[in-house]
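Okay, so here's the structure we're looking at.
Both backbone and side-chain heavy atoms feed into the values below; hydrogens, waters and symmetry mates do not.
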Amino acid sequence: MALYAAVGAASPYLVLYYRDVGLDVGEIGLIVSFGSIVTLLAGPTWGLLSDRSGGSPIVFLAAAACSLAGTALLSQAHDLLAVLVAVVLFASGFAGMAPIIDARALELAGSERSGYGPLRAWGSVAYVVVASGTGAAIDRFGIGAPFVVLAATLMITAVVGGTLRPPARAGAIRQPIPGLGATVRALTTPALGLFLLGALLMFTTLGAVTGFITLRFAELGAPAAIIGISTAVGSAIEVPIMLQFPWLAARFGGDRLLVA
């Protein structure tokens with residue numbers, strides 16, 4: 001929950017901070033896209049390190065420390081270059097936290113993978129609460145408020161995440177970790193390749209909207225509290241679907257739900 005609370009503190013409001021320090025829309029687009037590129041590279045790297053270390057929490061704590069350092073730098077960045085450096089540090093660390101936590105959650109779900117949905121629902125609940133609250137805090141205390149909430153939620157995530165280890169399985173045989181070549185071969189299989197192409201198109205569209213919709217609200221004169229509530233609505237809709245996902249998957253099948 002703390003990890004998605006951190007997302008709620010940062011995701012809707014960082015672009016407002018970029019605008020507040022004087023960056024134009026083109027520069028904000030550069031920062032958002034640059035952060036995505038860093039995430040694309042850093043996520044698999046942290047995941048590989050976690051796999052190689054047998055799921056050691058040290059890897060997770062290192063990613064959290066990197067993200068916290070980026071948060072501190074970003075709160076003091078007031079020009080394009082400084083913001084870019086801070087975003088690289090923040091995004092590279094945050095990119096490692098989410099997949100490690102997701103991996104532990106899937107392991108806890110066991111063979112019944114649909115059990116991940118009810119676990120993930122609580123992340124959306126945390127997002128709803130923190131995104132709404134952070135918007136209200138901005139209206140009251142100023143644009144620096146998200147960094148306080150973000151730092152606090154990241155520290156909580158680090159403390160809790162540092163206790164997570166892969167569950168021990170009696171009689172389990174340690175499997176070799178696939179190298180880069182095996183990963184590339186898996187990604188270029190026809191079925192997975194088509195899936196990734198579809199994901200690319202979907203997230204390209206979503207990125208074009210979510211990266212700038214906050215600025216559009218601000219242009220219309222909406223206070224930060226309304227911006228927070230508007231972003232929370234989408235996550236609130238997710239919660240009942242995620243809680244009921246085991247039943248939905250059994251009734252309709254995961255592929256049909258994905259298309260729907």
Side-chain angles (χ1 to χ4, degrees), residues 1-39 67 70-80 82-84 86-87 90-91 94-95 98 120-154 156-157 201-242:
M1 291 179 67
L3 179 68
Y4 290 97
V7 176
S11 179
Y13 305 113
L14 286 182
V15 291
L16 293 182
Y17 176 76
Y18 302 152
R19 187 195 62 170
D20 189 73
V21 299
L23 301 182
D24 60 35
V25 176
E27 291 170 329
I28 292 172
L30 173 65
I31 293 166
V32 172
S33 61
F34 203 70
S36 298
I37 293 171
V38 171
T39 299
S67 191
T71 300
L73 287 177
L74 192 55
S75 68
Q76 302 301 314
H78 296 96
D79 59 72
L80 178 60
V83 170
L84 280 173
V87 165
F90 171 76
F94 201 86
R120 174 60 179 79
W122 294 105
S124 291
V125 171
Y127 181 98
V128 169
V129 173
V130 174
S132 301
T134 302
I138 291 173
D139 290 335
R140 182 174 179 83
F141 302 108
I143 195 62
F147 296 109
V148 177
V149 182
L150 178 59
T153 50
L154 285 174
I156 295 171
T157 305
L201 295 173
M202 181 183 72
F203 283 108
T204 298
T205 305
L206 287 175
V209 175
T210 58
F212 296 98
I213 193 169
T214 298
L215 293 180
R216 179 57 178 157
F217 272 104
E219 287 175 350
L220 294 173
I226 296 299
I227 293 173
I229 292 171
S230 72
T231 62
V233 168
S235 290
I237 292 171
E238 294 174 353
V239 173
I241 297 174
M242 290 178 176

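Residues S124 and E238 share a closest heavy-atom pair of OG-OE1, 2.6 Å. Between A232 and S132, the closest heavy-atom pair is CB-OG, 3.6 Å. The shortest non-hydrogen separation linking S235 to Y127 is OG-CD2, 3.1 Å. Here the closest heavy-atom approach between residue A222 and residue I227 is recorded as O-CD1, 4.1 Å. What you find for H78 and A82 is that their closest heavy atoms are N-CB, 4.4 Å. Of all heavy-atom pairs spanning L154 and S67, the tightest one is CD1-OG, 3.7 Å.
Distance check: R19 CZ to D24 CG gives 12.5 Å after rounding to the nearest 0.5 Å. In this structure, CG on L220 lies 11.0 Å from CG on L215, to the nearest 0.5 angstrom. In this structure, CG on L16 lies 6.0 Å from CD1 on I138, to the nearest 0.5 angstrom. Between the OG1 atom of T153 and the CG atom of L3 there is a distance of 8.5 Å, given to the nearest 0.5 Å. Atom CZ of F203 sits about 11.0 Å away from atom OG of S36, to the nearest 0.5 Å. Taken to the nearest 0.5 Å, the CG atom of L74 stands 8.5 Å off from the CG atom of L150.
Aromatic pair Y17/Y13: centroids not less than 6.0 angstrom apart.
Distance alone, capped at 3.5 Å, is enough to place a donor-acceptor pair between the S33 side chain and the L30 backbone. Side chain of T134 to main chain of A131: no donor-acceptor pair is present (N/O by atom type, distance under 3.5 Å, no hydrogens or angles). Judged by distance alone, with hydrogens and angles left aside, the side-chain atoms of T214 form a donor-acceptor pair with the main-chain N or O of P12 at under 3.5 Å.
Under a cut-off of 6.0 angstrom, the local environment of CD1 in I213 is sparse, with at most 12 non-hydrogen atoms contributed by other residues, nucleotides or ligands. Counting heavy atoms of neighbouring residues, nucleotides and ligands inside a 6.0 Å radius, atom CZ of F34 does not exceed 12 of them.
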CA sep, side-chain torsions, deciding dist, call: Y18, V87, side chain to side chain contact (heavy atoms under 4.5 Å, CB included): CA-CA 11 Å; Y18 302 152; V87 165; 3.4 Å; yes
Pair L80-I31, side chain to side chain contact (heavy atoms under 4.5 Å, CB included): steps then yes or no: CA-CA 8 Å; L80 178 60; I31 293 166; 3.9 Å; yes
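Taking 4.5 Å as the limit, every side-chain heavy atom of Y4 sits out of range of all side-chain heavy atoms of V130. Side chains of V83 and L73 form no contact here, defined as non-hydrogen atoms less than 4.5 Å apart. For the pair F212 and I28, the minimum side-chain heavy-atom distance is below 4.5 Å.
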